[in-house]
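Let me begin by presenting the structure, written as structure tokens, before commenting on it.
In each ligand, atom 1 is the first atom listed, and ligand 1 is the first ligand listed.
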Amino acid sequence: MTATAIHTLQSHLGDQVTVHGWVTHFRSSGKIHFLMVRDGTGVVQCIIRPGQAVLEGPWVTEWDQLGTEMAVSLDGTVHADPRAPGGVEISLTRLRVLSESPDYPIQPKEHGVDFLLDHRHLWIRSPRQAAILRIRSRIIHAIRNFLDDQGFVVTDPPIITPAAAEGTTTLFEIDYFGEPAYLSQSGQLYLEALAMALGRVYSFGPTFRAEKSKTRRHLMEFWMVEPEIAFCEFEENLEWQERLVSHVVQTVLRECQDELKTLNRDVSRLAAVIPPFPRITYDEAVERLNQAGYGIAWGEDLGAPHETALAEMFDRPVFLTHFPKAIKAFYMQPDPERPDRVLAADLLAPEGYGEIVGGSQRIHDLSVLEARMRETGLDPERYQWYLDLRRYGSVPHSGFGMGLERLVAWIAGLEHVRETIPFPRTLNRVWP
Ligand code: 4AD
Ligand code: MG
């Protein structure tokens, strides 16, 4: 008999089924035993009445030898039971133990973060971690659906690159047959070329930053979705962002109710994530922060505490716009009314999750772009192909990058981005 997925058992009431999975818990109350089994889609409680169920070896000979994470194949009959997780229970007729699992390292007690990260390959089996990874999967799906439906072409910029896209201080250098090359910090420069070929494009891939920051928001390897849109100016770019973010949040609220419950996520604040999102300029932000006693001089970059304080002033994500050009990337379009600032925006998530999206209108004038490169210490010679985009049919265009892990951390309500990715790469960890 082929195995039945645990999350579909509701539609098999009264049936004899086979389930393949792993033991999560065994307990005995005199004559009856209770066995919890998970299969990746869910968890089911099995009732064992020893006289009525057969136990097949070779790994165990007694029911009470069943241990955490042994792999099993079982047969039984499905019954409704409102008290059981998932509302169903299986009366076991046969259990075959497929493999052993002696002294499983992760026990139902408090473990330290380092211990758990050292055992990340096993930790991902726990209900909380599995719920997070399922939410991550739904989020990826929702992002792709939204962009595909809006006529964006998915495309793949290179990961090995000859020059910086987001500042030279966070480059991971590799030896490319004797020449230095770098892991991509962002596909943006290539996406600008692709937008001129295809109109609306996006990439969704891994990006790399050698960030010397040990915070709850930084990874060295993270996934970014980067839409880039030809003939698109600043305000339209913000509209794409708010529509995408609210689509993702509303999809997760609808489709991941069980996972959000497993995580004890307070979903009331997510329900408010509907466009339009408020917009405040950098100037207004500085003023508001100074009223709140922060003492910031105009031109200073804002840090995590400032972002949190600003986000707390609103009930949904807020766009922070028109930054001083000195603290932003070389490719950002100067504001025609105030050339000391740029047409860029960061989208700040509520509840202290900080910047989840960074975007801007790009400079489309050749001489302005060359001048900005020199000002920021970049050699235009190394970017000739990128400058060609301003020589041949240049048009106003905009785009943004949304960090997947920060988005997942916010939506799932997590303390730290390290739990949002299967195998996190942080300042002091590249293992396992
Ligand atoms: O603001 P950033 O640096 O923007 C860019 O890279 C643009 N070139 C994107 C574009 O316009 N196509 O990064 C974009 C987002 C941030 O808002 C944040 O969510 C995420 O990427 N991010 C990180 N996430 C985890 N760990 C890090 N070290 C991150 N650095 C950026
Ligand atoms: Mg940014």
Starting from the C-alpha separation in whole Å, work towards a yes-or-no answer on side-chain hydrogen bond (donor to acceptor under 3.5 Å, both in side chains) for Gln384 and Arg391.
CA-CA 10 Å; Gln384 280 308 318; Arg391 293 189 180 103; 2.8 Å; yes
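- In this structure Glu307 satisfies the side-chain hydrogen bond (donor to acceptor under 3.5 Å, both in side chains) test together with Arg217, sequence neighbours excluded.
- Tyr282 and Ile327 make their closest contact through CE1-CD1, 4.3 Å (heavy atoms, listed as atom of the first residue, atom of the second, distance).
- Around the Mg ion (ligand 2), protein N, O or S atoms at a distance under 2.8 Å total 1; waters are neither shown nor counted.
- Below 30°, between 30° and 60°, or above 60°: for Tyr190 and Trp385 the angle between ring planes is below 30°, a parallel geometry.
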Please report the C-alpha distance between Tyr202 and Trp240 in whole Å, then the side-chain angles of each, then the deciding distance to 0.1 Å, and finally whether the ring-ring contact (aromatic ring centres under 6.0 Å, His included) criterion is met.
CA-CA 12 Å; Tyr202 73 98; Trp240 282 112; over 10 Å; no
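- Ligand 1 lies under 4.0 Å from heavy atoms of Glu166, Ser186, Gln188, Arg209, Glu211, Arg217, His218, Leu219, Phe222, Met224, Glu226, Tyr331, Glu355, Ile356, Val357, Gly358, Arg362, Gly399, Phe400, Gly401, Gly403, Arg406.
- A cation-pi arrangement, defined by a distance under 6.0 Å to the six-membered ring centre and an angle within 45 degrees of its axis, is present between Arg216 and Tyr353.
- Considering only heavy atoms from C-beta on, Glu405 stays 4.5 Å or farther from His218 through its side chain.
- A search for salt bridge (charged side-chain N to carboxylate O under 4.0 Å, His left out) contacts involving Arg200 returns nothing, not counting sequence neighbours.
- Ring pair His111/Phe115 is parallel by interplanar angle, where below 30° counts as parallel and above 60° as perpendicular.
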